[in-house]
Amino acid sequence: MTAATNITLALSKGRIFEETLPLLKAAGIEVTEDPETSRKLILPTNRPDVRVVLVRATDVPTYVQHGGADLGVVGLDVLLEHGGQGLYQPLDLRIAKCRMSVAVRADFDYAAAVKQGSRIRVATKYVSVARDHFADKGVHVDLIKLYGSMELAPLTGLADAIVDLVSTGSTLKANHLLEVERIMDISSRLVVNQAALKLKREAIRPLIDAFAAAIPQE
Ligand code: ATP
Ligand code: MG
């Protein structure tokens, strides 16, 4: 008899945790504590060999890359900024869907600024994606790195535009901002530590297969 291989899954609290639960359930895994009421950062599951660690969304790729977790669920937005080094990315889980877009104050003529070749000041958490996007378009930008509340930047004069995630558009609307360009569709990905995939293949492979079978269709 061989000892069970222990598996650690990194998730972030909030929508990724909530939307991953049904996929876990399909794989026979139930998290036995609620992260919103528990103060624990390591959550047990019904499977003695599987545990969940709760980390910041931006820290998920780092945990998985360095083996602090064997697998993780991370938004494409976060994954692209991280770069994905050392991560096997077997599945688009099609959860936590939104899009990454350019938005401006309603009185800023984005199309005209682009056409005139003006330098545009862009505030964003996603400097790497934004840099690539504007370079592809041949638009000159000064990028301003922010860590949150991007909507505030055009309203205060910090920037002309923002690159941010949009789902319903109600946050933009509430701040009198207009979505002027869609950069890409975003959803969450399963990421796996490459060494763990080799060493713990017999435990991890069935999990990947069960998630694959449970991915929401449209
Ligand atoms: P925090 O809000 O704690 O500062 P965060 O913004 O990184 O951290 P979440 O808001 O939970 O964390 O977002 C986690 C992931 O969910 C994002 O990386 C993105 O992929 C996705 N996401 C973010 N905003 C939306 C949205 N409005 N609609 C759908 N998915 C979103
Ligand atoms: Mg957030």
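Computed from a prediction, not measured in an experiment: that's the story for all the values here. Along the sequence shown, residues are numbered consecutively beginning with 1. Atoms within a ligand are numbered from 1 in the order they appear, just like the ligands themselves.
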The answer for which part of Arg56 has a heavy atom under 4.0 Å from ligand 1 is side chain
Considering only NZ, NE, NH1 and NH2 on the basic side and carboxylate oxygens on the acidic side, decide whether Glu18 and Lys13 come within less than 4.0 Å.
no
*Any ion pair linking Asp164 and Lys125 (charged N to carboxylate O, less than 4.0 Å)?*
no
(Q) Can you tell me if Ala96 contacts ligand 1 (heavy atom of the residue under 4.0 Å from the ligand)? (A) yes
By side chain to side chain contact (heavy atoms under 4.5 Å, CB included), Asp34 pairs with (sequence neighbours left out) Glu36, Thr37
**Study point:** Residues Asp142 and Arg121 bridged, charged N to O under 4.0 Å
**Key:** no
Under 4.0 Å from one or more heavy atoms of Ser167, ligand 1 contributes atoms 26 (C), 27 (N), 28 (N)
Contacts of Arg56 meeting salt bridge (Lys or Arg N to Asp or Glu O under 4.0 Å) (sequence neighbours excluded), chain-then-number -> none
Inset, instruction - Look at the side chain of His66 and the backbone N and O of Gly68, then say whether any donor-acceptor pair between them is shorter than 3.5 Å. - result: no
Per-atom filter on ligand 1: closer than 4.0 angstrom to a heavy atom of Leu165 are 19 (C), 22 (N), 23 (C), 24 (N)
With heavy atoms and a 4.0 Å threshold, my read on which part of Ile16 contacts ligand 1 is side chain
Here the atoms of ligand 1 under 4.0 Å from any heavy atom belonging to Val78 are 18 (O)
Point to revise | Ion pair check, Arg99 and Glu179, cut-off under 4.0 Å | key: yes
Does ligand 1 have any atom that is closer than 4.0 Å to a heavy atom of Cys98?
yes
Numbered in order shown, the ligand 1 atoms found under 4.0 Å of a heavy atom of Gly75 are 20 (O)
Closest to atom 7 (O) of ligand 1 (heavy atoms only, candidates Ala57, Ser149, Ser187, Ser188) is Ala57
Short version for Ile186: what comes under 4.0 Å of ligand 1, heavy atoms counted, is side chain
- prompt: Salt bridge check: are Arg94 and Asp92 linked by an N-O gap of less than 4.0 Å?
  reply: no
Of Arg15, Glu18, Arg189, the residue with the heavy atom nearest atom 24 (N) of ligand 1 is Arg15
Apply side-chain hydrogen bond (donor to acceptor under 3.5 Å, both in side chains) to Arg51 and Thr8, showing your working. CA-CA 5 Å; Arg51 63 181 187 167; Thr8 300; 2.9 Å; yes
Taking only non-hydrogen atoms of Asp77 and a 4.0 Å limit, the atoms of ligand 1 in range are 17 (C), 18 (O), 19 (C), 20 (O)
Quiz item: So is Lys125 close enough to ligand 1, meaning a heavy atom under 4.0 angstrom away?
Solution: yes
Ligand 1 to Lys97, heavy atom cutoff 4.0 Å, flagged ligand atoms 28 (N), 29 (C), 30 (N)
